[in-house]
Each structure stands twice: as structure tokens, then as C-alpha cells.
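Below is one structure, written out as C-alpha cells, with a few remarks after it.
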Amino acid sequence: MRLDVVTIFPEYLEPLNVSLVGKARARGQLDVRIHDLREWAHDKHNTVDDTPYGGGPGMVMKPEPWGEALDEILASGDGEPVIVVPTPSGAPFTQQLAVELSAKPWLVFTPARYEGIDRRVIEEYGDRVDVREVSIGDYVLAGGEAPVLVMVEAVARLLPGVLGNAASHQDDSFAPGAMADLLEGPVYTKPPEWRGRGIPEVLLSGHHGKIARWRRDEAFRRTDRNRPDLIERADPAAFDKHDRAI
Ligand SMILES: N#Cc1c(-c2ccc3ccn(Cc4ccncc4)c3c2)n[nH]c1N
């Protein structure tokens, strides 16, 4: 997978050099290219923003630098990318969308700043390629770089061979399948006792069926406590299927 990121804060994307994504880049599983938008702003001050038409607070990112940047990037690759635009007014970024994007060969992320990008940029490239406006949550940030870090990690960990244990994401919270729409249950490791706190006996039993059922029940309990909205959405048949499987 090729990932391009266009930003006025390239240093904000340094975390893509470490940990899971950094290792995937080093192994050649990910081709990550970070671009400084100001390279396509040609005035003396490399200006990328201006006042909003119609008035109002803040500044808007000018279309010209984005147009030159995206034209050059799209011309540099094979096929067409999905352009992912982080914005507070986007569609929710979900595990389902992460799975969909992980199957794409090329993603271009356009994290903006200020009040966002001139709408004509989204329209221009929406006429040419698949453009997704996406939000990582119902809160307001100052720009799109942190959302890009979140989305890249969520997508990269789904790529074959990136996570050490293939099973690691199969029981994720929100992962499709028997535990779909349930949060993950609690996890434990050694020592067997810590500050007078032990381990649930079932996890020491070696009885895989009982352990799976306990984990399913704990997942249900945690979901009911922290995300009751997911309980309504969950498909009861998925639980039956999971029960039959354990
Ligand atoms: N994804 C995502 C986001 C953002 C986000 C993303 C990109 C930009 C670019 C600029 N801003 C600042 C801004 C713009 C308009 N209205 C308010 C603030 C951004 C915020 N905030 N909250 C989220 N969940």
C-alpha cells in the first residue's frame, strides 16, 4: 500500500516512522510519502490560507496549492487513489471503513488546518477520484494531522503480516464476525497475583470453551456498561453463532 500525506506540518507525521507503521515501512509493506503543502505555494511567504468569502472567523486554505500538490501526486502513481479528507463534518471513521480502506492500494490523506480547505478542491477531485470526508469523533481539533495518525494506524494494522499474530485483530472491538459490535473484554497476564489481586479462575482452567464463553460474557457486560448503543445494534444471531462455536 502507498500512503501520501499532504500537510503544512510534516513533522507532525514523524510518529509514522516508529512502532507498527515504522516497521511496516522498513519491511516495504507500506510506502509512506509525506509532502509539505508549502512546496506548492509560490509567493514570497508560501501562503496557503486567506480570509473566507462571506466573512466569518478564521482563515480558509487556498485551493491553488492543494490543486498543484494533488495534481502532481496523482500523476506520480499507478491507478487512482482514495483521497481521505479529515474534517469534523465528515462521515464517522469506523472499523468497517478502516477494513475497506485497508484493501485499497493507494490512499492520499489531506489533513488541513485553519477552518478547512476551499470546497472547490473537494469538488474538483471528487469529480476525478473517490474522495471520502471522514471524522474520527464528535469533538473539535485544530487540524487534520492527528486524525491521519489515527486512521493510518487503524488501517495499517489490518494489512497482512503487519500485526505479529494474525489473530490479533480478529477479536478486536468492532471487528466484524461473531463478536461484531461488542467491545473487547478485560485482558490479564503474569504475575498470577499483583497487589493482592488474582486472575479470574476460568482463565487458568485451560478449558477453551469456558474461556471463550467467559470472554464473550465479559465483552457483553463491558459493552452494556460503556456502549449500550452497540447492544441495540448487535445482531443476536451473531451471539448464537458464537455460542454454538464455543
Ligand atoms: N477528522 C477530524 C476532526 C477534526 C478536524 C479535522 C481537520 C481539520 C482541519 C481544520 N480543522 C479545524 C476546524 C475546522 C472546522 N471547524 C472547526 C475546527 C480540523 C479539524 N476535528 N475533529 C475531528 N474529529
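If you read the sequence from its start, that first residue is 1, and numbering goes on from there. Note that ligands are numbered from 1 as they come in the structure, with each ligand's atoms numbered from 1 the same way.
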For Trp40 and Glu72, work out which heavy atoms get closest and say how close. NE1-OE1, 2.9 Å
Can you pull out the closest protein heavy atom to [atom]? Residue, atom name and distance to 0.1 Å, please.
{"atom": "atom 17 (C) of ligand 1", "value": "Val140 CG1, 3.5 Å"}
{"atom": "atom 7 (C) of ligand 1", "value": "Pro86 O, 3.2 Å"}
{"atom": "atom 22 (N) of ligand 1", "value": "Tyr139 O, 2.6 Å"}
{"atom": "atom 9 (C) of ligand 1", "value": "Ala112 O, 3.3 Å"}
{"atom": "atom 21 (N) of ligand 1", "value": "Leu141 N, 3.0 Å"}
{"atom": "atom 5 (C) of ligand 1", "value": "Pro88 CD, 3.4 Å"}

side-chain contact (heavy atoms from CB on, under 4.5 Å) against Thr94, all qualifying residues, sequence neighbours excluded: Pro92, Gln96, Leu97
Do [X] and [Y] pair up side chain to side chain, a donor and an acceptor below 3.5 Å, judged on atom types alone?
{"X": "Asp118", "Y": "Tyr53", "answer": "no"}
{"X": "Arg2", "Y": "Ser76", "answer": "yes"}
{"X": "Glu68", "Y": "His42", "answer": "yes"}
{"X": "Thr87", "Y": "Glu133", "answer": "no"}

Which segment of Ser89 sits under 4.0 Å of ligand 1 when only heavy atoms are counted: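 Looking at Ser89 and ligand 1, no heavy atom falls under 4.0 Å.
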Counting only heavy atoms, which portion of Tyr114 has something under 4.0 Å from ligand 1: side chain, backbone, both, or neither?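 The answer is the backbone.
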Which atoms from ligand 1 have a heavy atom of [X] less than 4.0 Å away?
{"X": "Ile136", "result": "1 (N), 2 (C), 24 (N)"}
{"X": "Pro147", "result": "1 (N), 2 (C)"}
{"X": "Val134", "result": "1 (N)"}

In short, side chain to side chain donor-acceptor pair (under 3.5 Å) pairs touching residues 23-37 with sequence neighbours left out are Asp4-His35, Asn17-Arg25, Arg27-Gln29, Asp31-Arg33
Between the side chains of Arg128 and Asp71, is the shortest nitrogen-to-carboxylate-oxygen separation below 4.0 Å, so that they form an ion pair? yes
What I want to find out is whether Asp130 reaches Arg132 closely enough, with some N-O distance under 4.0 Å, to be called a salt bridge.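 Result for this pair is yes, salt bridge flagged.
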Below 3.5 Å, N or O to N or O, backbone or side chain included: is there any such pair between Arg113 and ligand 1? no
Is there a heavy atom of Gly137 sitting under 4.0 angstrom from any atom of ligand 1?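 Per 4.0 Å heavy-atom rule, Gly137 contacts ligand 1.
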